[in-house]
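Structure, as C-alpha coordinates:
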Amino acid sequence: MDCKYQLKDGCMRISMPREVDHHCAEQLRREADLLIGAYHIRRLVFDFRRTEFMDSSGIGVLIGRCKNMGYSGGEVSAEHLNERMQKIFVVSGLHKMIRVAGGPKQQCADQDGGKQG
Amino acid sequence: MRNEMRIEFDAKSVNEGFARVSAAAFVTQLDPTLDEVADVKTAVSEAVTNAIIHGYEERDGKVYLTCILEGDMVYVSVEDKGVGMSDVRQAMEPFYTTKPEMERSGMGFAFMEAFMDDIQVESKPGMGTKVTMTKKIGQKEEENQDGCGDSSY
(Lines give C-alpha, C1' and ligand atoms only; values in the text may rest on other atoms or scores of the structure.)
Protein backbone atom coordinates (compact mmCIF):
# COMPACT_ATOMS: atom_id res chain seq x y z
CA MET A 1 0.00 0.00 0.00
CA ASP A 2 1.27 3.44 -0.91
CA CYS A 3 -0.17 5.53 1.89
CA LYS A 4 1.82 8.53 3.09
CA TYR A 5 1.64 10.51 6.29
CA GLN A 6 2.64 14.13 6.81
CA LEU A 7 2.89 15.49 10.33
CA LYS A 8 3.14 19.09 11.40
CA ASP A 9 2.17 20.93 14.59
CA GLY A 10 -0.26 18.33 15.89
CA CYS A 11 -1.86 17.90 12.49
CA MET A 12 -1.57 14.80 10.34
CA ARG A 13 -2.41 14.61 6.67
CA ILE A 14 -2.98 11.10 5.36
CA SER A 15 -2.53 10.77 1.63
CA MET A 16 -5.05 8.00 0.97
CA PRO A 17 -4.14 5.16 -1.38
CA ARG A 18 -5.54 4.83 -4.90
CA GLU A 19 -7.89 2.08 -3.76
CA VAL A 20 -9.22 1.90 -0.20
CA ASP A 21 -10.63 -1.56 0.51
CA HIS A 22 -10.54 -4.32 3.13
CA HIS A 23 -7.11 -5.39 1.86
CA CYS A 24 -5.42 -2.12 2.84
CA ALA A 25 -7.74 -1.17 5.71
CA GLU A 26 -5.88 -2.98 8.48
CA GLN A 27 -2.49 -1.46 7.69
CA LEU A 28 -3.99 1.99 7.28
CA ARG A 29 -5.76 1.71 10.62
CA ARG A 30 -2.67 0.42 12.43
CA GLU A 31 -0.30 3.04 11.05
CA ALA A 32 -2.71 5.94 11.55
CA ASP A 33 -3.49 5.01 15.16
CA LEU A 34 0.19 4.57 15.96
CA LEU A 35 1.05 8.02 14.61
CA ILE A 36 -2.01 9.70 16.17
CA GLY A 37 -0.99 8.36 19.59
CA ALA A 38 2.73 8.93 19.28
CA TYR A 39 2.54 12.50 17.98
CA HIS A 40 -0.55 13.68 19.92
CA ILE A 41 -2.40 14.50 16.72
CA ARG A 42 -5.25 16.99 17.21
CA ARG A 43 -6.26 17.46 13.59
CA LEU A 44 -6.55 14.70 11.05
CA VAL A 45 -6.94 15.33 7.31
CA PHE A 46 -7.75 12.54 4.88
CA ASP A 47 -6.49 13.58 1.46
CA PHE A 48 -8.31 11.68 -1.31
CA ARG A 49 -6.59 13.31 -4.29
CA ARG A 50 -5.22 9.97 -5.52
CA THR A 51 -8.21 7.85 -4.52
CA GLU A 52 -10.32 6.35 -7.27
CA PHE A 53 -12.02 3.58 -5.33
CA MET A 54 -13.33 3.10 -1.82
CA ASP A 55 -15.79 0.57 -0.44
CA SER A 56 -17.47 0.13 2.95
CA SER A 57 -14.25 -1.24 4.47
CA GLY A 58 -12.74 2.20 3.89
CA ILE A 59 -15.81 3.80 5.46
CA GLY A 60 -15.18 1.66 8.57
CA VAL A 61 -11.62 2.97 8.85
CA LEU A 62 -12.76 6.59 8.54
CA ILE A 63 -15.59 6.23 11.06
CA GLY A 64 -13.21 4.49 13.48
CA ARG A 65 -10.61 7.28 13.28
CA CYS A 66 -13.41 9.87 13.64
CA LYS A 67 -14.61 8.23 16.86
CA ASN A 68 -11.09 8.00 18.28
CA MET A 69 -10.33 11.62 17.44
CA GLY A 70 -13.71 12.66 18.86
CA TYR A 71 -12.90 11.10 22.26
CA SER A 72 -9.78 13.24 22.49
CA GLY A 73 -11.49 16.39 21.21
CA GLY A 74 -9.71 16.36 17.86
CA GLU A 75 -10.89 17.42 14.42
CA VAL A 76 -11.24 15.32 11.30
CA SER A 77 -11.72 16.48 7.73
CA ALA A 78 -11.51 15.09 4.20
CA GLU A 79 -10.19 16.80 1.09
CA HIS A 80 -10.01 16.49 -2.68
CA LEU A 81 -12.86 14.07 -3.19
CA ASN A 82 -13.57 13.28 -6.82
CA GLU A 83 -17.20 12.81 -7.87
CA ARG A 84 -17.16 9.11 -7.09
CA MET A 85 -15.77 9.71 -3.60
CA GLN A 86 -18.40 12.40 -3.01
CA LYS A 87 -21.06 9.86 -3.95
CA ILE A 88 -19.55 7.28 -1.57
CA PHE A 89 -19.55 9.89 1.22
CA VAL A 90 -23.20 10.74 0.62
CA VAL A 91 -24.43 7.14 0.27
CA SER A 92 -22.65 6.17 3.51
CA GLY A 93 -23.60 9.33 5.40
CA LEU A 94 -19.92 10.10 6.01
CA HIS A 95 -20.47 13.68 4.82
CA LYS A 96 -22.45 14.25 8.02
CA MET A 97 -19.61 12.99 10.23
CA ILE A 98 -16.59 14.42 8.51
CA ARG A 99 -16.13 17.97 7.30
CA VAL A 100 -15.42 17.87 3.58
CA ALA A 101 -13.15 20.57 2.25
CA GLY A 102 -12.61 20.77 -1.47
CA GLY A 103 -11.08 24.20 -1.87
CA PRO A 104 -7.49 25.00 -2.68
CA LYS A 105 -6.80 26.25 0.85
CA GLN A 106 -4.56 23.92 2.81
CA GLN A 107 -5.71 22.51 6.13
CA CYS A 108 -2.22 21.80 7.36
CA ALA A 109 1.23 20.72 6.20
CA ASP A 110 2.43 21.64 2.77
CA GLN A 111 1.69 19.29 -0.05
CA ASP A 112 5.28 18.96 -1.09
CA GLY A 113 6.99 19.50 2.23
CA GLY A 114 6.25 17.74 5.48
CA LYS A 115 7.63 14.54 6.78
CA GLN A 116 6.57 11.17 5.58
CA GLY A 117 5.59 8.80 8.31
CA MET B 1 -26.37 -11.95 -26.97
CA ARG B 2 -25.53 -13.86 -23.83
CA ASN B 3 -22.00 -13.99 -22.48
CA GLU B 4 -20.82 -15.57 -19.27
CA MET B 5 -17.58 -15.73 -17.31
CA ARG B 6 -16.67 -17.49 -14.10
CA ILE B 7 -13.59 -17.07 -11.93
CA GLU B 8 -12.55 -19.15 -8.93
CA PHE B 9 -9.98 -17.64 -6.60
CA ASP B 10 -8.57 -18.04 -3.10
CA ALA B 11 -10.36 -16.18 -0.30
CA LYS B 12 -7.46 -13.77 0.27
CA SER B 13 -7.93 -10.03 0.63
CA VAL B 14 -5.30 -9.37 -2.03
CA ASN B 15 -7.77 -10.87 -4.56
CA GLU B 16 -10.50 -8.30 -3.82
CA GLY B 17 -8.98 -5.85 -6.27
CA PHE B 18 -8.51 -8.57 -8.87
CA ALA B 19 -12.16 -9.66 -8.56
CA ARG B 20 -13.70 -6.21 -8.96
CA VAL B 21 -11.40 -5.26 -11.84
CA SER B 22 -12.19 -8.55 -13.62
CA ALA B 23 -15.93 -7.96 -13.30
CA ALA B 24 -15.53 -4.35 -14.46
CA ALA B 25 -13.48 -5.40 -17.49
CA PHE B 26 -16.08 -8.00 -18.50
CA VAL B 27 -18.95 -5.49 -18.14
CA THR B 28 -17.25 -2.98 -20.47
CA GLN B 29 -18.67 -5.01 -23.40
CA LEU B 30 -22.01 -3.34 -22.67
CA ASP B 31 -20.44 0.11 -23.09
CA PRO B 32 -21.29 1.30 -19.56
CA THR B 33 -20.61 4.78 -18.19
CA LEU B 34 -17.69 5.17 -15.77
CA ASP B 35 -20.23 5.53 -12.99
CA GLU B 36 -21.88 2.24 -13.88
CA VAL B 37 -18.49 0.49 -13.97
CA ALA B 38 -17.68 1.99 -10.55
CA ASP B 39 -21.05 0.78 -9.21
CA VAL B 40 -20.30 -2.81 -10.30
CA LYS B 41 -16.77 -2.62 -8.86
CA THR B 42 -18.08 -1.40 -5.50
CA ALA B 43 -20.79 -4.08 -5.33
CA VAL B 44 -18.36 -6.89 -6.25
CA SER B 45 -15.83 -5.62 -3.71
CA GLU B 46 -18.47 -5.66 -0.96
CA ALA B 47 -19.66 -9.19 -1.77
CA VAL B 48 -16.14 -10.62 -2.09
CA THR B 49 -15.04 -8.94 1.15
CA ASN B 50 -18.05 -10.48 2.92
CA ALA B 51 -17.15 -13.92 1.55
CA ILE B 52 -13.58 -13.60 2.85
CA ILE B 53 -14.31 -12.03 6.26
CA HIS B 54 -17.63 -13.60 7.15
CA GLY B 55 -18.01 -16.65 4.87
CA TYR B 56 -14.54 -18.05 5.51
CA GLU B 57 -13.72 -15.99 8.61
CA GLU B 58 -10.34 -15.24 7.01
CA ARG B 59 -9.43 -18.93 6.69
CA ASP B 60 -8.65 -20.77 3.46
CA GLY B 61 -11.41 -21.24 0.91
CA LYS B 62 -12.49 -20.48 -2.63
CA VAL B 63 -14.65 -17.62 -3.83
CA TYR B 64 -16.61 -18.01 -7.08
CA LEU B 65 -17.39 -14.94 -9.15
CA THR B 66 -19.78 -15.31 -12.08
CA CYS B 67 -20.80 -12.53 -14.45
CA ILE B 68 -23.49 -12.95 -17.08
CA LEU B 69 -24.30 -10.32 -19.69
CA GLU B 70 -27.65 -10.59 -21.38
CA GLY B 71 -28.95 -7.74 -23.50
CA ASP B 72 -28.29 -4.64 -21.41
CA MET B 73 -28.43 -6.54 -18.12
CA VAL B 74 -25.51 -7.66 -16.01
CA TYR B 75 -25.90 -10.45 -13.46
CA VAL B 76 -23.11 -10.83 -10.92
CA SER B 77 -22.95 -13.63 -8.40
CA VAL B 78 -20.41 -14.11 -5.63
CA GLU B 79 -20.47 -17.45 -3.88
CA ASP B 80 -18.59 -19.03 -0.99
CA LYS B 81 -18.71 -22.45 0.67
CA GLY B 82 -18.12 -20.99 4.11
CA VAL B 83 -20.08 -20.82 7.35
CA GLY B 84 -23.27 -19.35 5.91
CA MET B 85 -25.85 -17.56 8.04
CA SER B 86 -29.23 -18.34 9.52
CA ASP B 87 -30.72 -14.85 9.41
CA VAL B 88 -30.12 -13.17 6.07
CA ARG B 89 -32.57 -10.36 6.78
CA GLN B 90 -30.72 -9.31 9.92
CA ALA B 91 -27.36 -9.43 8.11
CA MET B 92 -28.74 -7.06 5.48
CA GLU B 93 -29.88 -4.42 7.95
CA PRO B 94 -27.82 -1.24 7.63
CA PHE B 95 -25.10 -0.93 10.29
CA TYR B 96 -25.65 -4.51 11.49
CA THR B 97 -22.31 -6.26 11.83
CA THR B 98 -21.09 -9.36 13.64
CA LYS B 99 -17.55 -7.98 13.65
CA PRO B 100 -17.59 -4.49 15.19
CA GLU B 101 -14.13 -5.16 16.66
CA MET B 102 -12.81 -5.17 13.10
CA GLU B 103 -14.43 -1.77 12.54
CA ARG B 104 -16.75 -3.22 9.96
CA SER B 105 -19.16 -0.42 9.08
CA GLY B 106 -22.13 -2.74 8.54
CA MET B 107 -22.75 -1.04 5.20
CA GLY B 108 -21.75 -3.84 2.85
CA PHE B 109 -25.24 -4.94 1.84
CA ALA B 110 -26.50 -1.34 1.88
CA PHE B 111 -23.79 -0.48 -0.66
CA MET B 112 -24.71 -3.45 -2.85
CA GLU B 113 -28.34 -2.35 -2.74
CA ALA B 114 -27.44 1.27 -3.43
CA PHE B 115 -25.25 0.58 -6.44
CA MET B 116 -27.07 -2.34 -8.06
CA ASP B 117 -30.75 -2.62 -9.08
CA ASP B 118 -31.53 -5.86 -7.32
CA ILE B 119 -29.88 -8.23 -4.85
CA GLN B 120 -30.75 -11.79 -3.81
CA VAL B 121 -29.01 -13.59 -0.97
CA GLU B 122 -29.16 -17.35 -0.47
CA SER B 123 -27.44 -18.77 2.59
CA LYS B 124 -27.48 -21.86 4.75
CA PRO B 125 -25.50 -22.33 7.95
CA GLY B 126 -22.57 -24.63 7.24
CA MET B 127 -23.18 -24.57 3.48
CA GLY B 128 -22.15 -21.11 2.37
CA THR B 129 -23.62 -17.98 0.86
CA LYS B 130 -24.48 -16.86 -2.65
CA VAL B 131 -25.16 -13.22 -3.44
CA THR B 132 -26.68 -12.48 -6.84
CA MET B 133 -26.96 -8.91 -8.04
CA THR B 134 -28.41 -7.45 -11.23
CA LYS B 135 -28.01 -4.11 -12.89
CA LYS B 136 -29.33 -2.60 -16.09
CA ILE B 137 -26.59 -0.86 -18.04
CA GLY B 138 -27.31 2.25 -20.07
CA GLN B 139 -30.00 3.81 -17.87
CA LYS B 140 -28.35 7.21 -18.06
CA GLU B 141 -27.33 6.93 -21.70
CA GLU B 142 -28.94 10.21 -22.71
CA GLU B 143 -26.72 12.06 -20.20
CA ASN B 144 -23.51 10.46 -21.36
CA GLN B 145 -23.84 10.11 -25.10
CA ASP B 146 -20.18 10.70 -25.76
CA GLY B 147 -19.37 7.59 -23.73
CA CYS B 148 -16.81 9.50 -21.69
CA GLY B 149 -19.07 9.70 -18.70
CA ASP B 150 -17.78 11.87 -15.95
CA SER B 151 -15.42 14.60 -17.10
CA SER B 152 -13.80 15.01 -13.69
CA TYR B 153 -11.92 11.72 -13.91
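The chains referred to below are lettered A, B, ... by the order of the sequence lines, with proteins before strands, and numbering in each begins at 1.
A continuous path of Ile, Leu, Val, Met, Phe, Trp and Tyr side chains, each step under 4.5 Å between heavy atoms, connects A:M97 with A:F89, placing both in one hydrophobic cluster. Placement of A:M69 and A:F48 within a single hydrophobic cluster is found when ILVMFWY residues are connected by side-chain heavy-atom separations under 4.5 Å, directly or transitively. Under a hydrophobic-cluster definition in which Ile, Leu, Val, Met, Phe, Trp and Tyr are linked whenever side-chain heavy atoms come within less than 4.5 Å, directly or via other members, B:M112 and B:M92 are assigned to the same cluster. In the hydrophobic cluster analysis, where Ile, Leu, Val, Met, Phe, Trp and Tyr join through side-chain heavy atoms closer than 4.5 angstrom, B:V40 is grouped apart from B:Y75. Note on A:L7 and A:L28: same hydrophobic cluster, where clusters join Ile, Leu, Val, Met, Phe, Trp and Tyr whose side-chain heavy atoms are under 4.5 Å apart, directly or indirectly.
Although no hydrogens or angles enter the test, the distance criterion places no donor-acceptor pair under 3.5 Å between the side chain of B:E46 and the main chain of A:D55.
Shown here is B:Y96, whose OH atom has more than 12 heavy atoms of other residues, nucleotides or ligands within 6.0 Å. No more than 12 heavy-atom neighbours from other residues, nucleotides or ligands sit within 6.0 angstrom of CE on B:M127. Applying the 6.0 Å contact sphere to NZ of B:K136 captures more than 12 heavy atoms from other residues, nucleotides or ligands. Within 6.0 Å of CZ on B:R89 lie no more than 12 heavy atoms contributed by other residues, nucleotides or ligands.
Proximity to chain B (any heavy atom under 4.5 Å) is shown, for A:I88, by both the backbone and the side chain.
Nearest heavy-atom pair across A:S56 and B:S105 is O-OG, 3.2 Å. When all heavy atoms of A:H23 and B:V14 are compared, the pair lying nearest together is ND1-N, 3.3 Å. Heavy atoms only, all atoms of each residue included: A:V91 and B:F115 are closest at CG2-CZ, 4.0 Å.
By number of non-hydrogen pairs under 4.5 angstrom with chain A, the leading residue of B:V48, B:T97, B:I53 is B:I53. Across A:G58, A:G64, A:S57, the residue that shares the most heavy-atom pairs under 4.5 angstrom with chain B is A:S57.
Put simply, the side chain of B:D39 reaches to within 4.5 Å of the side chain of A:R84, judged on heavy atoms. Annotation: side chain of A:K67 is not in contact with side chain of B:E103 (no heavy-atom distance under 4.5 Å). Here the side chains of B:R20 and A:E19 are in contact, with some heavy-atom distance below 4.5 Å.
No side-chain donor from either of B:T49 and A:H22 sits under 3.5 Å from a side-chain acceptor of the other.
The CG atom of A:D21 sits 7.5 Å away from the OG atom of B:S13 when rounded to the nearest 0.5 Å. Expressed to the nearest 0.5 Å, how far CE of A:M54 lies from CZ of B:F111 amounts to 7.0 Å.
A salt bridge links B:D35 with A:K87; the closest basic N to acidic carboxylate O contact falls under 4.0 Å.
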